[in-house]
Amino acid sequence: MTDTKSAETKQEGHTSSIEDQIKLREGKVATLRERGAHPYNNQVPSPHGTQMIKERHAQHDALALEANHTETYAVAGRVVALRSMGKVTFIGLRDGAGDLQIFVRKDKVGDAAYESLKLLDLGDIACAWGRALRTKTGELSIAAGEIGSTPVPLSAGQTERPGFQLLTKALRPMPSSWFGLSDQETRYRQRYVDLAVNLEVREAFRKRARLITGMRKFLDERGYLEVETPVLHKPEEAGGATARPFATHHNALDLDLKLRIATELHLKRLVVGGFERVYEIGRIFRNEGIDRRHNPEFTSIEFYQAYATYEDLMALTEAMISQLALAVSGSAIVPYQGTNIDYTAPWPRVSMVEKVAEKLLAANDLGTIGRALYEMQLSPALERDAFLKALLDRLALLPASAWSDAAKGEPELLRKLSHAHSLGGKIAWAFEALVEHELPKDRPSFVIDFPLEVSPLARKRDREPRLVDRFEAYAGGMEIANAFSELNDPRDQEARFQAQVAAAALGDAEAMPYDSDFVRALEHGMPPTAGEGIGIDRLAMLLCDAASIRDVVLFPLLKPQADAASLSDGDDEVTQPGTPA
RNA sequence: GGGAGCGUAGCUCAAUUGGCAGAGCAAUGGACUCUUAAUCCAUAGGUUGAAGGUUCGAUUCCUUCCGCUCUCACCA
């Protein structure tokens with residue numbers, strides 16, 4: 001008896017497991033078809049946007065809307081609210097811009113149409129037409145089926161349409177509109193649900209789009225040419241940055257390929273060819289760990305300008321990013337994780353060599369370095385290059401103990417320093433460990449005075465060849481840009497590549513390959529050029545106040561779920577018919 | 001890869017020393033012609049991430065695995 005009853009209950013749909021809810025909705029699809037209503041209809045007049053309607057009538061009260069009927073609007077979107085009062089129903093429709101209420105009265109739409117509301121569920125896509133009015137509580141609404149001052153909007157071939165119509169049946173229920181969807185994993189894996197439910201997520205990606213549009217506009221206005229270079233790199237081309245690449249393979253050519261880790265070397269070839277200002281916005285792939293600031297695929301912009309130096313690019317960067325902050329967020333001062341960052345130019349400059357020397361001095365009370373800094377303060381007339389030269393001379397003479405003293409309490413730094421074979425490497429590691437976290441929090445900053453050894457593609461500084469003409473821009477504790485006057489001496493570039501090959505031989509998995517064609521290009525002569533790369537995702541994080549890069553990447557890479565993996569096992573066999581069993 | 005935390009209904013979250021797995025929203029049936037998280041009556045919904053173990057009894061304790069978050073490392 002009991003079993004029979006529960007079986008009957010199930011058949012009547014008196015359950016609410018997800019499977020039963022889907023079955024129930026599939027039943028409504030069938031009912032719609034029986035009634036001649038297409039559950040996946042596309043006979044829709046081009047809808048008016050909810051934003052336009054709301055803006056147009058923002059100042060009109062209920063009386064004004066009654067006295068002067070509005071035009072007859074068509075509105076379409078997802079049903080996000082559904083409240084029935086009996087013979088009156090309120091429907092919240094959400095389109096790309098926002099929500100607008102539909103007011104359905106049984107006596108206005110007719111019994112048949114009103115009855116069809118029973119087949120409507122939260123999450124369905126629907127449309128309605130009618131004039132605008134304000135309800136008793138003052139909310140602007142579309143009065144379904146009530147003609148306004150213009151004809152009923154129809155799509156081609158239609159002669160009439162109901163005041164309210166379901167367009168697309170959703171088989172799955174949407175998450176609660178009140179509580180939203182907060183489970184991070186579901187939000188990333190099912191971004192379509194996240195976007196549909198959490199409107200602020202849409203806004204973040206709109207900002208990202210404005211950011212990229214703004215960059216294009218900024219560079220186009222300055223005579224830059226947008227280009228596209230290969231994503232698939234031959235193994236010897238996969239350079240331009242220190243990172244491990246993804247490996248892939250071209251079947252027809254039986255050719256091993258790498259996904260690019262930078263666009264740099266191809267863009268500089270174009271400068272050789274005569275495109276004096278070029279840029280590329282594109283996806284970069286780096287085979288490395290995933291964390292708050294790293295996604296294995298990300299978007300970079302690199303731009304190169306002939307007859308410019310890295311100092312020109314500092315000015316350009318300040319102008320571009322402060323302008324982008326304004327364009328994207330409405331202000332040059334943008335909050336990030338609780339701190340307001342002021343992007344107004346000029347940004348403070350921080351010397352890597354000088355800051356590292358200061359740290360060593362503080363740790364060691366070393367007379368030689370101290371004297372150099374003291375001299376700098378005493379005589380501002382002292383040539384900056386001479387000062388840096390003096391600092392480097394003294395740093396080069398320091399015993400290993402001086403570095404380890406500075407690294408006290410930093411076991412990781414100690415380990416890294418022991419791996420750094422060059423003075424430049426030590427300086428770079430010491431900067432990262434000791435100084436980077438002290439960079440200004442409320443301002444972006446430029447780090448300058450980079451050592452040669454960590455900059456294989458940058459031009460040596462004329463008056464101090466142990467340094468290169470390079471800067472990195474930091475903001476919000478992240479590196480957002482890297483730029484330098486480009487190395488265009490082909491023999492010097494050869495030597496740098498050889499040093500990279502040697503490093504690779506010693507086990508450096510991130511060393512660049514020897515790109516002989518790039519050297520060949522330089523042998524044809526590249527004009528003096530400065531180039532820069534900006535991490536667009538990082539910049540988007542800053543301007544969207546996003547704590548994680550995953551909040552500005554629509555579909556971030558996640559580990560496959562166990563369920564999904566077991567499901568796809570079967571698919572693999574189907575999609576690989578050529579694989580011998 | 002190391003460390004810490006988390007995983008319970010479609011969604012958001014509870015569950016006492018280890019003692020019958022619950023609520024709100026969503027869903028289903030009903031009432032209601034101006035709602036705003038509508039309200040009211042009724043109903044249904046669970047392999048507590050997975051697999052083992054301890055126990056008379058496990059959401060709870062132990063082990064392993066999977067995934068997510070934070071963090072360190074790697075990495076700019």
Side-chain angles (χ1 to χ4, degrees), chain A residues 5-6 9-25 27 62 80-92 99 101-109 114 118 121-123 133-139 141 143 170-190 193 197-198 241-244 261-262 284 286-296 298 300 411-412 415-416 428-429 431-432 436 447 454 472-474 477-482 509-510 533 535 538 547-548 550 556 558-566:
Chain A
K5 267 184 184 174
S6 70
T9 306
K10 283 235 167 190
Q11 282 172 0
E12 287 163 17
H14 287 264
T15 65
S16 59
S17 70
I18 184 60
E19 293 82 6
D20 290 324
Q21 289 192 49
I22 290 173
K23 272 180 199 152
L24 203 68
R25 289 179 179 223
V80 292
L82 192 55
R83 289 184 287 273
S84 171
M85 301 300 122
K87 297 190 180 66
V88 175
T89 296
F90 298 90
I91 300 171
D99 299 353
Q101 182 167 269
I102 309 299
F103 182 37
V104 189
R105 273 185 276 207
K106 189 175 185 181
D107 57 359
K108 300 288 183 183
V109 299
Y114 198 82
K118 284 189 177 168
D121 289 301
L122 283 172
L133 54 67
R134 284 194 187 275
T135 59
K136 199 177 278 181
T137 51
E139 176 153 346
S141 307
L171 297 181
R172 291 180 178 273
M174 295 294 287
S176 152
S177 58
W178 177 248
F179 292 104
L181 177 69
S182 60
D183 181 73
Q184 289 286 11
E185 187 174 351
T186 309
R187 289 186 49 216
Y188 296 146
R189 288 189 196 278
Q190 299 173 34
V193 178
V197 173
N198 298 323
T242 54
R244 271 183 275 186
I261 58 172
I284 299 294
R286 295 187 182 174
N287 208 336
E288 59 195 26
I290 297 173
D291 64 26
R292 209 173 61 227
R293 298 184 184 85
H294 298 84
N295 195 56
F298 62 99
S300 83
E412 284 305 326
R415 198 172 59 75
K416 285 174 182 173
W429 282 122
F431 182 85
E432 184 175 320
E436 195 176 299
V447 175
V454 296
E472 283 186 351
Y474 279 80
M478 294 183 288
E479 179 205 333
I480 56 170
N482 180 22
E510 284 129 25
R538 299 267 178 93
S548 168
R550 290 173 171 179
L558 300 179
K559 283 193 195 176
Q561 284 171 313
D563 289 352
S566 64

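Every chain is numbered from 1 and lettered A, B, ... according to where its sequence line falls, protein lines coming before strand lines.
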Trainee: Can you see if the side chain of A:R83 gets near the phosphate of B:rA38 - specifically, an N or O under 4.0 Å from OP1 or OP2?
Mentor: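 It does, given that an N or O in the side chain of A:R83 lies less than 4.0 Å from OP1 or OP2 of B:rA38.
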
Trainee: A:E510 near the nucleic acid: base, sugar-phosphate alone, or nothing, with a heavy-atom cut-off under 4.0 Å?
Mentor: sugar-phosphate

Trainee: With heavy atoms under 4.0 Å as the rule, sort A:N287 into base, sugar-phosphate or nothing.
Mentor: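 Since no nucleic acid heavy atom lies under 4.0 Å of A:N287, the category is nothing.
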
Trainee: Who pairs with A:F298 by ring pair (Phe, Tyr, Trp, His ring centres under 6.0 Å), at least two apart in sequence or on another chain?
Mentor: none

Trainee: Quickly work out the A:M174 CE to B:rG10 P distance and round it to whole Å.
Mentor: 16 Å

Trainee: B:rG57 and B:rU43: how far apart are their P atoms, nearest whole angstrom?
Mentor: 34 Å

Trainee: Looking at every strand, decide which applies to A:R187 at a 4.0 Å heavy-atom threshold: base, sugar-phosphate, or nothing.
Mentor: nothing

Trainee: Rounding to an integer number of angstrom, what distance separates B:rA58 and B:rA42 when you compare their C1' atoms?
Mentor: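 These two C1' atoms come out 34 Å apart once rounded.
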
Trainee: Taking a pair as Watson-Crick or G-U wobble with both distances under 3.5 Å, which nucleotide is matched to B:rC20?
Mentor: none

Trainee: Answer yes or no: side-chain N or O of A:D291 and base N or O of B:rC74 forming a donor-acceptor pair under 3.5 Å.
Mentor: yes

Trainee: Distance check, C1' atoms only: B:rC20 and B:rC62, in whole angstrom units.
Mentor: 25 Å

Trainee: Please evaluate the base of B:rU35 for a donor-acceptor partner in the side chain of A:E139 within a cut-off of under 3.5 Å?
Mentor: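 For A:E139, whose side chain was compared with the base of B:rU35, there is no donor-acceptor pair (under 3.5 Å).
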
Trainee: Under a 3.5 Å distance rule, please check whether A:Q21 uses its side chain to pair with a backbone N or O of A:S16 as donor and acceptor.
Mentor: yes

Trainee: Report yes if at least one side-chain N or O of A:K559 is closer than 4.0 Å to OP1 or OP2 of B:rG67; otherwise report no.
Mentor: yes

Trainee: Measuring only the C1' atom in each nucleotide, how far is B:rC61 from B:rG2? A whole number of Å is fine.
Mentor: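 It comes out at 25 Å once rounded to the nearest Å.
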
Trainee: What is the distance, to the nearest angstrom, from the CD1 atom on A:I290 to the C1' atom on B:rG1?
Mentor: 14 Å

Trainee: Could you let me know what B:rU28 is paired to, Watson-Crick or G-U wobble, both distances under 3.5 Å, or none if it's on its own?
Mentor: B:rA42

Trainee: Can you tell me if A:R293 uses its side chain to pair, donor with acceptor, with the backbone of A:R538 under 3.5 Å?
Mentor: no

Trainee: So what does A:G92 touch, heavy atoms closer than 4.0 Å: a base, only the sugar-phosphate, or nothing?
Mentor: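 Here A:G92 touches no strand at all.
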
Trainee: Check the distance between B:rG5's C1' and A:E185's CD and give it to me in whole angstrom.
Mentor: 15 Å

Trainee: If I take atom OG from residue A:S300 and atom CD1 from residue A:I261, how far apart are they, to the nearest 0.5 angstrom?
Mentor: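 With rounding to 0.5 Å, OG (A:S300) is 11.0 Å from CD1 (A:I261).
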
Trainee: Would you kindly give the CG-to-P distance between A:L181 and B:rG10, to the nearest whole Å?
Mentor: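 Answer to the nearest Å: 14 Å.
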
Trainee: Are B:rU35 and A:F90 stacked, with the base six-membered ring and the side-chain ring centres under 5.5 Å apart and planes under 30°?
Mentor: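 Stacking between A:F90 and B:rU35: present.
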
Trainee: I'd like the C1' distance from B:rU60 over to B:rU54, given in whole Å.
Mentor: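 That atom pair is separated by 13 Å.
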
Trainee: Under 4.0 angstrom, heavy atoms only, what part of the nucleic acid is A:R292 near: base, sugar-phosphate, or nothing?
Mentor: sugar-phosphate

Trainee: Just the rounded figure in Å: distance from P of B:rC68 to CD of A:Q190.
Mentor: 14 Å

Trainee: Hunt down the Watson-Crick or G-U wobble partner of B:rA14, both distances under 3.5 Å, from any strand shown, or write none.
Mentor: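 Result: none.
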
Trainee: Mind checking A:T135 for me? I need base, sugar-phosphate or nothing, with any heavy atom below 4.0 Å counting as a touch.
Mentor: base

Trainee: Which nucleotide, if any, forms a Watson-Crick or G-U wobble pair with B:rG1, using both distances under 3.5 Å?
Mentor: B:rC72

Trainee: To the nearest angstrom, how far is A:E19 atom CD from B:rA44 atom P?
Mentor: 18 Å

Trainee: Determine the Euclidean distance between corresponding P atoms of B:rU47 and B:rG10; express it in Å to zero decimal places.
Mentor: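 These two P atoms come out 8 Å apart once rounded.
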
Trainee: Report yes if a donor N or O on one partner sits less than 3.5 Å from an acceptor N or O on the other, where the partners are the side chain of A:S17 and the base of B:rA9; otherwise report no.
Mentor: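 In this structure, the two groups form no donor-acceptor pair.
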
Trainee: Using Watson-Crick or G-U wobble geometry with both distances under 3.5 Å, which nucleotide pairs with B:rA9?
Mentor: none

Trainee: If I take atom CH2 in residue A:W178 and atom C1' in nucleotide B:rC13, what distance separates them, rounded to the nearest angstrom?
Mentor: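 One finds 15 Å between C1' of B:rC13 and CH2 of A:W178, rounded.
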
Trainee: Categorize A:R244 for me: base, sugar-phosphate, or nothing, with a 4.0 angstrom heavy-atom threshold over every strand shown.
Mentor: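 Sugar-phosphate, backbone atoms only, no base.
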
Trainee: Find the distance between CD (A:E139) and CZ (A:R134) and round it off to the nearest 0.5 Å.
Mentor: 9.0 Å

Trainee: To the nearest Å, how far apart are A:D121 CG and B:rA27 P?
Mentor: 7 Å

Trainee: What contact category does A:S84 fall into here, base, sugar-phosphate, or nothing, at under 4.0 angstrom with non-hydrogen atoms?
Mentor: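 Contact class for A:S84: base.
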
Trainee: Need one value for A:R25: base, sugar-phosphate or nothing, where a base atom within 4.0 Å counts as base even if backbone is also close, heavy atoms only.
Mentor: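 Nothing: the residue A:R25, judged by heavy atoms under 4.0 Å, touches no strand.
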
Trainee: Work out how far the C1' atom of B:rA15 is from that of B:rA21, and round it to whole angstrom.
Mentor: 7 Å

Trainee: Could you work out, with ring pair (Phe, Tyr, Trp, His ring centres under 6.0 Å) as the rule, every residue matching A:F103, not counting sequence neighbours?
Mentor: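 If we apply the ring pair (Phe, Tyr, Trp, His ring centres under 6.0 Å) test to A:F103, skipping adjacent residues, the hits are A:F90.
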
Trainee: Which distance, rounded to the nearest 0.5 Å, do you find between the CD of A:E185 and the CG of A:L558?
Mentor: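 Atom-to-atom, A:E185:CD and A:L558:CG are 7.0 Å apart.
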
Trainee: Starting from the 5' end of RNA chain B, give me the residue, A:A81 or A:E472, whose nearest nucleotide shows up first.
Mentor: A:A81

Trainee: Base, sugar-phosphate, or nothing for A:F103, non-hydrogen atoms under 4.0 angstrom?
Mentor: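 Counting heavy atoms under 4.0 Å across all strands, the contact made by A:F103 includes a base.
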
Trainee: Rounding to the closest angstrom, what is the interatomic distance between B:rU8 and B:rA51 at atom P?
Mentor: 15 Å

Trainee: Given B:rG45, B:rG10, B:rU33, identify the nucleotide with an atom nearest to the side chain of A:S176.
Mentor: B:rG10

Trainee: Is any side-chain heavy atom of A:N287 closer than 4.5 Å to a side-chain heavy atom of A:P296?
Mentor: no

Trainee: Under a 3.5 Å cut-off for both distances, is B:rC61 Watson-Crick or wobble paired, and to whom?
Mentor: B:rG53

Trainee: Would you mind reporting whether A:S182 and A:N198 have side-chain heavy atoms less than 4.5 Å apart?
Mentor: no

Trainee: Select from A:K118 and A:R134 the residue whose nearest nucleotide in RNA chain B is closer to the 5' end of that strand.
Mentor: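 Upstream on the strand: A:K118.
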
Trainee: Please work out if A:I22 contacts a base, only the sugar-phosphate, or nothing of the nucleic acid, heavy-atom cut-off 4.0 Å.
Mentor: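 No contact.
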
Trainee: Do any side-chain nitrogens or oxygens of A:S182 fall under 4.0 Å of OP1 or OP2 in B:rU12?
Mentor: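 The answer is yes; a side-chain N or O of A:S182 sits under 4.0 Å from OP1 or OP2.
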
Trainee: Select base, sugar-phosphate, or nothing to describe what A:D107 touches, counting heavy atoms under 4.0 Å on all strands.
Mentor: base

Trainee: Of the nucleotides B:rA27, B:rC68, B:rC11, which has the atom closest to the A:F179 side chain?
Mentor: B:rC11

